[in-house]
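See structure below.
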Amino acid sequence: MSRRNMIRTVVFGVGILLFIGGIFQGGYTDTLQKAVRICMECIGIG
């Protein structure tokens with residue numbers, strides 16, 4: 001495995017760990033609520 005591929009694998013692994021950590025902390029609910037709010041404002045309901 002070349003050095004470049006090893007770095008890519010490590011960065012990818014860290015990204016996946018952070019992604020899973022965000023899910024367990026409930027970060028997706030904040031993002032979903034903001035997205036819904038923005039969509040409601042765009043179509044003029046909110």
Side-chain angles (χ1 to χ4, degrees):
M1 183 180 261
S2 72
R3 182 172 173 86
R4 179 176 278 184
N5 285 339
M6 190 181 322
I7 291 172
R8 286 179 182 169
T9 304
V10 169
V11 169
F12 181 75
V14 169
I16 294 296
L17 288 175
L18 291 173
F19 182 76
I20 292 171
I23 290 173
F24 282 121
Q25 287 183 344
Y28 66 94
T29 57
D30 294 334
T31 305
L32 180 62
Q33 288 174 355
K34 289 176 185 177
V36 168
R37 196 172 310 125
I38 288 171
C39 284
M40 294 295 197
E41 289 176 2
C42 284
I43 59 175
I45 293 177

With a cut-off of 3.5 Å and sequence neighbours excluded, list every side-chain donor-acceptor pair involving residues 12-32.
from	atom 1	to	atom 2	distance (Å)
T29	OG1	G26	O	2.7
T31	OG1	G27	O	3.3

- Transitively linked via ILVMFWY side-chain contacts under 4.5 Å: V36 with I43? yes
- Query: Which ILVMFWY residues are connected to V11, directly or by a chain of links, through side-chain heavy atoms under 4.5 Å apart?
  - Reply: I7
